[in-house]
Visitor: 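Attaching a single structure in structure tokens format; questions to follow.
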Amino acid sequence: MKTEVLTVDPRHPDVTVLRRAAAILRRGGLVAFPTETVYGLGASALMPEAIERLYAAKGRPAFNPLIVHVTGEAQARRVVAGWPEEAEALAARFWPGPLTLVLPKPGHLPDIVTAGLGTVAVRAPSHPVARALIDEAGIPLAAPSANRSGSISPTRAEHVLRTLDGRIDMVLDAGPTEVGIESTVVALSPARLLRLGHVGRAELEAVIGPVSDETRAASDEPASPGMLLRHYAPEAVVVMVARGDARALAAALAGEAHTGAILHSLPARGQDQIRLPDEPAAYAQGLYAALHQLDERCDRIVVEAPPESAAWDAVCDRLRRAAHADDDTAPR
Ligand code: TXA
Ligand code: MG
């Protein structure tokens with residue numbers, strides 16, 4: 001299959017381009033599109049055969065459920081079996097935006113979308129291209145991150161092509177995404193945080209009260225099936241050094257032919273060392289592009305550990321998963 005790449009203006013996407021993409025989706029095809037978090041790989045959430053194609057294109061394990069993307073509350077209510085007060089309050093505060101809600105699944109939604117679970121994840125993205133595409137297609141879109149399963153999520157169209165070129169129908173290229181890491185996932189009711197993201201636990205609690213943290217649940221049976229410990233990982237081995245520890249960095253870099261580094265307080269030297277901003281939102285925005293770039297050239301990536309404060313939680317979570325080897329003794 002040839003993957004068509006179409007450039008669109010991120011704020012005012014060309015309606016003729018959107019119509020072509022929407023037509024592919026309505027026929028059961030696969031279109032990668034930008035959201036404010038990462039690029040998603042869209043398929044009609046109402047067509048089991050489209051979802052089968054999506055799982056095959058990603059090489060995604062059948063046990064890992066998808067997020068259904070909608071334009072807002074009205075459409076969300078049609079793909080869930082219940083809309084509790086907490087959903088109402090969270091959607092009013094954070095939608096459209098980087099927050100996914102896990103709610104009871106209605107019988108009419110194909111089981112394959114939720115990997116057979118009794119719940120469904122829904123989110124209304126804020127990116128104008130995502131919103132316009134869902135609107136134009138007129139159907140809710142199941143959309144996991146647009147990468148082969150287990151690899152780093154894409155924040156640019158070129159990242160999508162790195163692993164999905166020739167496996168999907170189309171990519172809408174609207175430039176780099178803003179948030180840079182995947183949405184916060186929260187299950188209701190009771191409220192349980194399943195994946196850390198741009199919307200923090202304290203922000204959720206300010207709206208709905210106590211939210212239990214299940215983001216560190218045991219890796220073999222996580223509350224959210226996609227949260228495998230080794231995930232969001234480049235092919236290169238990722239090793240962490242303490243923040244500001246120039247000596248540990250030098251030691252980690254020494255003697256290795258192809259070692260890159262992602263830093264934020266220490267200075268970067270040479271083309272394989274990338275310095276990201278020393279601020280969590282801007283760091284998150286650039287993190288995956290840095291991992292993609294270094295993964296092309298390096299066998300090892302040394303990462304300077306960010307501060308251990310709540311504002312850095314989501315970033316630290318992704319780094320921990322990237323650094324987690326399946327088997328600590330075996331080289332990868
Ligand atoms: O920001 C995002 O959420 C991006 C963009 C494209 O919207 N999407 C994304 O999708 O990251 P994906 O498929 O890569 O991650 C979805 C996560 C997985 O960890 C999955 O297990 C979890 O959401 N999830 C989906 N449905 C669930 C459910 N019913 N119960 C618990 N977890 C669920
Ligand atoms: Mg993913």
Side-chain angles (χ1 to χ4, degrees), residues 1-47 50-51 53-60 66-72 75 95-98 100 113 121-149 151-183 198 285-286 288-289 292-293:
M1 165 191 304
K2 176 150 172 41
T3 301
E4 206 178 346
V5 183
L6 297 179
T7 306
V8 284
D9 185 292
R11 289 218 175 78
H12 306 284
D14 180 351
V15 69
T16 59
V17 171
L18 291 170
R19 281 199 188 125
R20 283 177 61 192
I24 292 172
L25 290 165
R26 278 196 303 268
R27 285 203 302 270
L30 306 177
V31 176
F33 62 95
T35 80
E36 71 280 19
T37 58
V38 300
Y39 275 71
L41 179 58
S44 167
L46 308 180
M47 294 171 71
I51 305 298
R53 244 174 251 135
L54 191 157
Y55 273 89
K58 272 188 66 89
R60 184 172 177 110
L66 305 172
I67 298 174
V68 177
H69 292 63
V70 295
T71 47
Q75 198 177 26
W95 280 8
T100 296
V113 173
V122 279
R123 139 170 147 81
S126 63
H127 196 294
V129 174
R131 292 177 64 74
L133 181 64
I134 301 166
D135 206 32
E136 191 63 43
I139 38 176
L141 300 180
S145 51
N147 52 279
R148 288 281 288 175
S149 184
S151 59
I152 317 160
S153 290
T155 56
R156 296 164 187 262
E158 71 206 56
H159 301 158
V160 176
L161 295 170
R162 255 188 95 186
T163 62
L164 294 178
D165 195 10
R167 298 179 153 269
I168 62 179
D169 297 287
M170 182 180 277
V171 182
L172 297 180
D173 180 357
T177 63
E178 229 175 279
V179 174
I181 57 173
E182 306 81 354
S183 63
H198 188 69
Q285 187 179 37
Y288 288 167
H292 275 285
Q293 185 186 325

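Numbers here simply count residues along the sequence, with the first being 1. Computed from a predicted model, the values in this text were never measured in an experiment.
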Visitor: How close do Ala50 and Leu30 get, heavy atom to heavy atom, and via which atoms?
Guide: O-CD2, 3.9 Å

Visitor: Could you tell me which non-hydrogen atom of Val68 sits nearest to which non-hydrogen atom of Ala45, and how far apart they are?
Guide: CG1-CB, 4.1 Å

Visitor: Fit a plane to each ring of His159 and His292, take the angle between them on a 0 to 90° scale, and name the class: parallel (under 30°), tilted (30 to 60°) or perpendicular (over 60°).
Guide: parallel

Visitor: Show your reasoning for whether side-chain contact (heavy atoms from CB on, under 4.5 Å) applies to Arg148 and Leu164.
Guide: CA-CA 7 Å; Arg148 288 281 288 175; Leu164 294 178; 4.0 Å; yes

Visitor: Output all residues satisfying side-chain hydrogen bond (donor to acceptor under 3.5 Å, both in side chains) with Thr71, sequence neighbours left out; order by chain, then residue number.
Guide: Gln75

Visitor: Using modelled atom types only, decide if a donor and an acceptor are shared between the side chain of Glu36 and the backbone of Ser126 within a distance under 3.5 Å.
Guide: yes

Visitor: Show, in sequence, the C-alpha distance, side-chain angles and deciding distance for Arg167 and Thr3, and conclude whether the side-chain contact (heavy atoms from CB on, under 4.5 Å) test is met.
Guide: CA-CA 7 Å; Arg167 298 179 153 269; Thr3 301; 5.9 Å; no

Visitor: Rounded to the nearest 0.5 Å, what separation is found between the NE2 atom of His69 and the CD1 atom of Ile134?
Guide: 7.0 Å

Visitor: Using side-chain contact (heavy atoms from CB on, under 4.5 Å), reason through Ile181 and Val38 one step at a time and then give a plain yes or no.
Guide: CA-CA 6 Å; Ile181 57 173; Val38 300; 5.7 Å; no

Visitor: How many angstroms lie between CG in Asn147 and CZ in Arg60, if you round to the nearest 0.5 Å?
Guide: 8.5 Å

Visitor: Report the distance from atom CZ of Phe33 to atom NE2 of His127, rounding to the nearest 0.5 Å.
Guide: 10.0 Å

Visitor: Does atom CD (Glu178) have a neighbourhood of more than 12 heavy atoms from anything else shown, all under 6.0 Å?
Guide: no

Visitor: Just by distance, with hydrogens left out, do Glu182 and Ser153 show a side-chain donor and acceptor under 3.5 Å apart?
Guide: yes

Visitor: Report the distance from atom NZ of Lys58 to atom CD1 of Ile168, rounding to the nearest 0.5 Å.
Guide: 10.5 Å

Visitor: Give a yes or no on whether His198 atom NE2 has more than 12 heavy-atom contacts from other residues, nucleotides or ligands under 6.0 Å away.
Guide: no

Visitor: For Val113 and Tyr55, work out which heavy atoms get closest and say how close.
Guide: O-OH, 4.1 Å

Visitor: Would you say that Leu6 contacts Glu4 through its side chain, given a criterion of any heavy-atom pair below 4.5 Å between the two side chains?
Guide: yes

Visitor: Report yes if some heavy atom in the side chain of Leu172 is under 4.5 Å from a heavy atom in the side chain of Val31; otherwise report no.
Guide: yes

Visitor: Taking the side chain as every heavy atom from C-beta outward, state whether Asp173 and Tyr39 have any atom pair closer than 4.5 Å.
Guide: yes

Visitor: How about Met1 and Asp169: do any of their side-chain heavy atoms sit closer than 4.5 Å?
Guide: yes

Visitor: Would you say that Leu66 contacts Ile51 through its side chain, given a criterion of any heavy-atom pair below 4.5 Å between the two side chains?
Guide: yes

Visitor: Please check if the side chain of Arg53 supplies one atom and the backbone of Gly28 the other of a donor-acceptor pair under 3.5 Å.
Guide: yes

Visitor: Under the criterion side-chain contact (heavy atoms from CB on, under 4.5 Å), which of Pro125, Ser183, Pro144, Ser145 is the partner of Ile67?
Guide: Ser183

Visitor: Could you check whether any side-chain heavy atom of Thr35 comes within less than 4.5 Å of a side-chain heavy atom of Thr177, counting everything from C-beta outward?
Guide: no

Visitor: Could you tell me whether Arg20 atom CZ has more than 12 heavy atoms of other residues or ligands within 6.0 Å of it?
Guide: no

Visitor: How far apart are the closest heavy atoms of Val129 and Ala174, and which atoms are they?
Guide: CG2-CB, 4.1 Å

Visitor: I need the minimum non-hydrogen distance between Pro13 and Val8, along with the two atoms involved.
Guide: CB-CB, 4.3 Å

Visitor: I'd like to check Asp14 versus Thr7 (side-chain heavy atoms, cut-off strictly below 4.5 Å). Are they in contact?
Guide: no

Visitor: Could you tell me if the side chain of Leu161 sits less than 4.5 Å from the side chain of Val171, heavy atoms only?
Guide: yes

Visitor: Restricting to non-hydrogen atoms, name the atom on Ala32 and the atom on Ala146 that form the minimum distance, rounded to 0.1 Å.
Guide: CB-CB, 4.0 Å

Visitor: Which distance, rounded to the nearest 0.5 Å, do you find between the CE of Met47 and the CG of Leu25?
Guide: 9.5 Å

